[in-house]
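Notes follow the structure.
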Amino acid sequence: MQLTGAEILVRCLQEEKVEHVFGYPGGSVLYIYDELFKQDKFKPVLVRHEQAAVHAADAYSRSSSKIGVCMVTSGPGVTNAVTGIATAYMDSVPMVIISGQVPTAYIGQDAFQECDTVGITRPCVKHNFLVKDVKDLALTIKKAFYLAKTGRPGPVLIDVPKDITTHKCEYHYPKTVSLRSYNPVVKGHSGQIKKAAQLLLSAQRPVIYAGGGVILSDASEALTKLARALNFPVTNTLMGLGGYPATDAQNLGMLGMHGTYEANMAMQHCDVLIAVGSRFDDRVIGNPAHFGSVPRKIIHIDIDPSSISKRVKVDVPIVGGVPEVLTELMKQLDAINETPDVKALADWWKQIEAWRGKKSLKYKQGKDVIMPQYVVEKLYEVTKGDAFVTSDVGQHQMWAAQYYKFDKPRRWINSGGLGTMGVGLPYAMGVRFANPKATVACVTGEASIQMCIQELSTAKQFRLPIKIINLNNRYLGMVRQWQEMFHGNRHAESYVDALPDFVKLAEAYGHVGMQITKPADVEGALKEAFTTHKNELVFLDFLTDQTANVYPMVAAGKGLSEMILAEDL
Amino acid sequence: MRHIISILIENEAGALSRVAGLFSARGYNIESLTVAPTEDASLSRITIVTMGSDDVVEQITKQLNKLIDVVKVVDLSEAAHIERELMLVKVRAMGPDRDEMKRLADIFRGRVIDVTDKTYVIELTGDGAKLDSFLESIDRALILETVRTGVSGIGRGERILKV
């Protein structure tokens with residue numbers, strides 16, 4: 001049967017079991033939107049700005065094992081989407097973006113709403129395609145979904161000129177696809193895994209350093225099994241939170257620039273380090289020379305060979321999928337049938353407990369001013385640790401990461417790599433679409449939330465009962481913190497003047513707004529939001545301490561063991 | 001250190017810009033880049049000459065392999081290989097210079113492939129150093145134009161880069 005390009009595109013999305021397409025219509029995608037309108041197998045979600053469509057699709061992927069899809073029109077539709085695409089790319093999130101393009105004959109003519117989409121997005125996608133013939137459309141879509149979710153996942157963009165959506169051809173959706181140039185290695189090299197097993201058993205002071213790869217590959221169970229079997233301490237990166245249960249005694253918390261004292265000290269002083277789906281990012285290990293100044297053996301498991309020995313030289317590289325490699329590693333450990341040095345491990349744990357005794361996350365909550373950390377702790381209690389928490393970027397993000405204890409994977413949704421302010425609210429939308437019954441909280445700040453505030457309208461249209469936890473300190477907090485520490489306390493453009501009345505703003509969009517100014521009211525307000533207003537979006541504007549800073553802190557360029565602790569100040 | 005990297009890549013629109021974009025985005029250096037289709041029309045072969053430490057070159061090959069369109073990558077300079085570059089030089093060839101140019105071209109095993117009453121075009125192949133020394137051996141003022149293709153390379157013997 002002959003179908004138009006627009007019909008084919010919609011059929012393909014149905015074949016991929018797509019549930020929602022986040023997007024915004026415009027000239028070049030009109031035929032596609034028309035086909036979306038005529039079918040009811042999946043629902044388009046209209047956002048208020050293309051950036052939010054991409055963020056929502058991104059969070060849809062992050063919070064489930066499904067693939068988020070978004071659709072934007074040519075020109076400004078695409079350029080607005082770029083921030084979202086780059087955000088997903090930096091955190092290796094699988095996603096398919098369909099962009100409209102001007103008709104084939106107009107390409108290169110500076111047509112209305114034309115831009116070089118493939119060129120603009122090339123550096124921030126896993127791959128992209130320009131469809132020049134309707135006969136290639138179905139296969140291209142199949143390839144896009146395949147590329148997005150396999151290997152190291154990432155966003156894949158398909159640029160579809162308007163005339164292609166009207167051209168007709170025979171429709172056939174391939175069941176499988178293979179590319180001779182793309183064969184990601186999933187199974188790790190067994191010789192290397194054996195070496196890793198022996199090294200782990202010889203460890204006196206081991207640490208498991210687990211990143212976002214554990215979450216993306218659904219390897220939490222395999223990781224937890226390994227860690228428990230060996231009784232090794234585990235630290236998670238910002239992207240890896242929830243990959244190992246935070247409340248477990250073997251968990252040292254997050255490491256890195258704002259990691260716990262025990263996590264960073266253990267990382268610095270360990271003799272065997274096993275990095276699992278993590279990439280020795282600058283925010284994680286601080287100064288690589290300082291990190292490398294201590295001798296230790298490193299095992300690195302990653303599906304992307306280019307992540308291995310990029311910033312830190314490793315001794316046992318293992319390229320492969322995290323769950324596959326960990327399962328094989330467990331087998332090899334069982335086969336060797338030896339136990340780690342119990343005495344050495346006991347001493348190591350004693351040392352770790354001593355570091356833990358520093359209680360590096362402690363803070364004081366007085367009677368008058370709300371501490372931001374306290375709000376997150378109460379949020380954790382009120383939601384019984386079972387919410388999906390999204391955040392924006394800045395101090396509030398770090399506090400959410402430090403004080404909300406994630407026991408499950410895919411519960412903590414934030415922009416780790418690109419650090420994109422404005423993701424919080426659209427992320428919460430995407431989470432709720434992927435998990436229609438979930439409790440969703442967006443921990444944000446008064447600056448970040450305003451970067452995608454227009455989505456309050458989308459949230460109303462789709463009745464998304466998100467709870468916005470606005471830690472309002474009237475400052476670009478993280479900027480102010482750095483200015484205090486490194487720029488002579490000159491607050492260059494970090495004070496946010498002329499803030500809106502967030503309560504009225506929420507009400508104007510048809511939501512519930514609350515302002516909380518006293519510590520004693522924090523818990524009550526949260527309970528009210530999550531019970532009385534369970535089915536509504538509630539904007540909780542917490543006026544918090546304006547001077548609070550995030551600690552511990554490893555200043556940029558410093559070593560992991562050179563932390564600044566709150567108690568030192 | 002100088003490395004010659006050979007790449008087999010899908011002969012698709014935009015494939016070259018993915019490679020070139022990777023080098024500029026990650027701050028790698030390109031001394032020369034050549035590209036043309038192979039005997040299999042669906043594949044192009046790119047030869048890139050780059051400078052970098054072993055760590056950098058390891059990253060370059062890994063990053064190239066990560067590009068979806070890239071089928072194979074080999075660092076030719078890791079083992080025995082041959083490299084050649086083609087150069088066309090247009091020179092002023094008048095009076096006594098006319099014979100001298102022809103003589104120099106012969107010494108370098110070059111060929112004169114275009115002749116007018118005032119100019120020659122000399123074709124020369126060899127490794128980069130040979131082409132450089134040819135240019136150094138003629139009077140700079142007589143060089144009207146030079147075109148170099150950049151380095152092409154191939155492994156010696158049974159070292160074969162093929163799908």
Side-chain angles (χ1 to χ4, degrees), chain A residues 86 89-90 92 104 107-108 116-133 136 140 143-144 146-148 150-159 177-185 279 288 292 300 302-314 317 319, chain B residues 1 3 5-28 30 33 35 37-46 48 50 52-75 78 160-163:
Chain A
Y89 181 65
M90 282 292 270
S92 309
T104 325
I107 291 177
D116 174 11
T117 301
V118 167
I120 288 173
T121 58
R122 187 179 300 121
C124 60
V125 291
K126 182 169 175 182
H127 197 59
N128 57 16
F129 298 94
L130 170 64
V131 181
K132 285 185 181 156
D133 186 331
D136 299 333
T140 304
K143 280 184 188 169
Y146 170 65
L147 288 171
T150 53
R152 181 176 180 170
V156 179
L157 179 139
I158 310 169
D159 202 26
V177 68
S178 74
L179 288 89
R180 64 174 167 183
S181 61
Y182 175 76
N183 301 292
V185 175
R279 59 186 179 93
H300 192 175
D302 205 292
I303 196 151
D304 177 3
S306 75
S307 278
I308 295 176
S309 291
K310 182 169 70 176
R311 301 193 74 243
V312 168
K313 278 270 169 207
V314 304
V319 176
Chain B
M1 229 185 79
H3 290 258
I5 294 171
S6 270
I7 304 161
L8 279 180
I9 189 166
E10 296 288 352
N11 191 4
E12 304 254 358
L16 175 63
S17 59
R18 290 182 205 277
V19 173
L22 169 69
F23 274 74
S24 64
R26 295 196 181 260
Y28 307 141
I30 298 182
L33 185 156
V35 56
T38 63
E39 80 284 2
D40 172 352
S42 70
L43 284 173
S44 288
R45 177 146 171 171
I46 299 177
I48 295 182
T50 186
S53 63
D54 290 351
D55 290 354
V56 169
V57 174
E58 182 185 333
Q59 265 298 309
I60 290 176
T61 52
K62 284 175 170 177
Q63 294 291 346
L64 283 169
N65 270 310
K66 210 163 124 178
L67 294 176
I68 307 295
D69 284 337
V70 168
V71 185
K72 276 192 179 167
V73 179
V74 160
D75 182 353
E78 267 181 351
I160 294 158
L161 176 59
K162 203 173 164 61
V163 173

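Order of the sequence lines fixes the chain letters, A, B, ..., with proteins taken first and strands second; residue numbering starts at 1 for each chain.
Within the 4.5 angstrom heavy-atom criterion, atoms from both the backbone and the side chain of A/Asn128 approach chain B. Contact of B/Ser42 with chain A is made through backbone and side chain together, with heavy-atom distances under 4.5 Å. The parts of A/Lys126 that come within reach of chain B are both its backbone and its side chain, each placing non-hydrogen atoms under 4.5 angstrom from that chain. Interface residue A/Ile308: backbone and side-chain heavy atoms are both found under 4.5 Å from chain B. Interface residue B/Asp69: backbone and side-chain heavy atoms are both found under 4.5 Å from chain A. Contacts of B/Glu12 with chain A are absent, with no heavy-atom separation under 4.5 Å from either backbone or side chain.
Taking every heavy atom of both residues into account, B/Val71 and A/Ser181 meet most closely at CG2-CB, 3.7 Å. Across all their heavy atoms, B/Lys62 and A/Ser309 have their closest contact at NZ-CB, 4.5 Å. The minimum heavy-atom distance linking B/Gly14 with A/Arg122 is given by the pair O-NE, 4.4 Å. Looking at every heavy atom in both residues, A/Arg180 comes nearest to B/Asp40 through NH1-OD2, 3.9 Å.
The residue among B/Glu58, B/Gln63, B/Arg18 with the most heavy atom pairs within less than 4.5 Å of chain A is B/Arg18. Your options are A/Lys313, A/Arg152, A/Lys310, A/Lys132, and the one with the most heavy-atom pairs under 4.5 Å with chain B is A/Lys310.
For the atom pair A/Leu179 CG and B/Ile68 CD1, the distance stands at 7.5 Å (nearest 0.5 Å).
Other residues, nucleotides and ligands contribute at most 12 non-hydrogen atoms within 6.0 Å of the CG atom of B/Asp54.
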